[in-house]
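A quick write-up on the structure given underneath.
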Protein chains: 2
Amino acid sequence: MNIEMIRAAAQRLAGHARRTPILTSPFLDAIAGRRVFVKAECLQHTGSFKFRGGWSAVSALPPAALQKGVIAFSSGNHAQGVALAARSHGAPAVIIMPADAPAVKIANTRALGAEVVLYDRATEDRDEIGDRLAAARGLTLIKPFDEPLVIAGQGTCGLEIAAEMTALGVTRADVMVCCGGGGLTSGIALALAADAPGLRARPIEPEGFDDATRSLASGRIERNARLSGSLCDAIITPQPGNLTFPIMQDHCGPGVVVTEDQALQAMALAFDRLKIVLEPGGAVALAAALFHPDASEGDAVIAVATGGNVDPATFAKALA
Amino acid sequence: MNIEMIRAAAQRLAGHARRTPILTSPFLDAIAGRRVFVKAECLQHTGSFKFRGGWSAVSALPPAALQKGVIAFSSGNHAQGVALAARSHGAPAVIIMPADAPAVKIANTRALGAEVVLYDRATEDRDEIGDRLAAARGLTLIKPFDEPLVIAGQGTCGLEIAAEMTALGVTRADVMVCCGGGGLTSGIALALAADAPGLRARPIEPEGFDDATRSLASGRIERNARLSGSLCDAIITPQPGNLTFPIMQDHCGPGVVVTEDQALQAMALAFDRLKIVLEPGGAVALAAALFHPDASEGDAVIAVATGGNVDPATFAKALA
């Protein structure tokens, strides 16, 4: 995994992924006590940065593999990113989802052209189903984060941050990144190390699901006690990846942990001051930038707002 | 009023106004039956396109006038646009607002550095107050739409649409524009006529406040029967401007009228599919693009999403 893979992914994504804007508001600056720059990745195709990794992986496949298609396990943003990337390449996509996933997510993934295969969490083994389908049809598995092509795709977000902050003259600052398995965090960290070494990626996690933060502190991969039960469902993973963790160790600053209430407050401020829609897991980086000013130094902070796929009821809760 | 004034405004706005993104979603394309391109002007500074006109007018003032300051009548988006533009130029700003304006709007305008002067709608004459203050302090009045420098500023949005749609190969399409007094509509229409003559601006209005639509149909300025009582408060004006109407006559296609329910539905779809926050008046153009497909021809339509300054209760109503 190296910077050249990220630059190659950027070439493949050019003209297909959106170069998302960096937004600001004097009201957010006042809360944080420094300038706040928000990379609005919720405006990416399919509503999250996951499209970058999906496109990177699908676009790198040789024609024969593309023709057979791809497969992914996901109930959320990765599913939609892979599905749209595959459809755009004319490749079949199979997405394995739990049968109790929200109906709207199943419908959205199908509407993006994917074949959705449902399994029963209680009685079926999703890996077994996936292996069987992949073997039978020759499908290529696209893992959500511990996969070099996916990390490279997410890293293109870091190249954009490096270029834009350099142009703005911001050369020393922390870059808060919502962190699940660490694909985005490690990709951004590699890109910043190469193109803007004064900018430092920081993994941001919700309370109770701070595996990356604890792993960076202890120096070895730590696991979360719980595997569900957070509003920030998009970034709940058992532990950092075997590929992503060493990259984070080499290039990231310490993690920051925020509460669910802080994530909801950040969603409300993004609504009010930036006019963007964030999901709870996509708002934790902004929450860290706004509500944990002591966690970083300097006169600027960058927050990557990673996704906006939230149901109306949860959004209304954040605004209330 | 001519294209050179818009190009000059674009020079003054460069590096200060945001070049807002054009967003898309395959789900919106499916609803409209053609490709839908949404110019997300809600992501402009202060949450609406009004910052463009404010900046254009303030930045054109000679130093002596800047030092004395500016004055505007507004309870909404124009106030915030002018206030932030003035503060950025180090110019005092006085905003005359009705005392019964929402407290949050008054607070926001003050937070942007403006002096807010409140008046009682029932007993006081706002023009008299404004004239007196302007004369006493030598303030320059910045009108909300019927002012060449303001139209020129709003027109920069049209230059960006022309450039980006030309780059995408979309050379014939209607550009739906949320229309109040016609500053944005006429500015965009002039810009398109110069830089992308196959694109045509269309004023979009809410039911009951369709003065521009009726005026274009009859060939003379028509007035609305009511002056309040619409959810789309940002675009409720008594009639088209004396400057903006002739420009619209020369360059715009017929108006389209949408219902409040359609505006709310467009807000919900912008939330769900684009991850942007729109206010009702900022969503009528998208509503026309999505729900009035027979109003235009061709395989593409552009909608200008003009603003996102909406209170949580109204937003929750749209999502419900």
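Treat the numbers as computed from the prediction; the structure is a model and nothing was measured. Letters go in sequence order (proteins before strands), and every chain restarts at 1.
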Criterion side-chain contact (heavy atoms from CB on, under 4.5 Å) on A:L43 and B:I276, from CA distance to verdict:
CA-CA 8 Å; A:L43 303 176; B:I276 57 174; 3.7 Å; yes
In sequence, state the C-alpha distance, the side-chain angles, and the governing distance for A:I22 and B:R18, and then conclude on side-chain contact (heavy atoms from CB on, under 4.5 Å).
CA-CA 10 Å; A:I22 290 181; B:R18 212 168 262 148; over 6 Å; no
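The backbone N or O of A:G308 sits less than 3.5 Å from a side-chain atom of B:K275, completing a donor-acceptor pair.
If you measure heavy-atom distances from A:R19 to chain B, you find no contacts under 4.5 Å at all. Heavy atoms of A:L168 lying under 4.5 Å from chain B are absent altogether. Residue A:L274 touches chain B through its backbone alone, counting heavy-atom pairs closer than 4.5 Å.
Counting heavy-atom pairs under 4.5 Å between each of A:T20, A:T24, A:T46 and chain B puts A:T24 at the top. Per-residue heavy-atom pair counts under 4.5 Å with chain B were compared for A:N309, A:V104, A:D311, and the maximum is reached by A:N309.
Inter-residue side-chain proximity for A:R87 and B:P26 is flagged as met; some heavy-atom pair is nearer than 4.5 Å. A heavy-atom distance below 4.5 Å is not found between the side chains of B:L23 and A:Q44.
Heavy-atom minimum distance, A:F315 versus B:L319: CD2-CD1, 4.1 Å.
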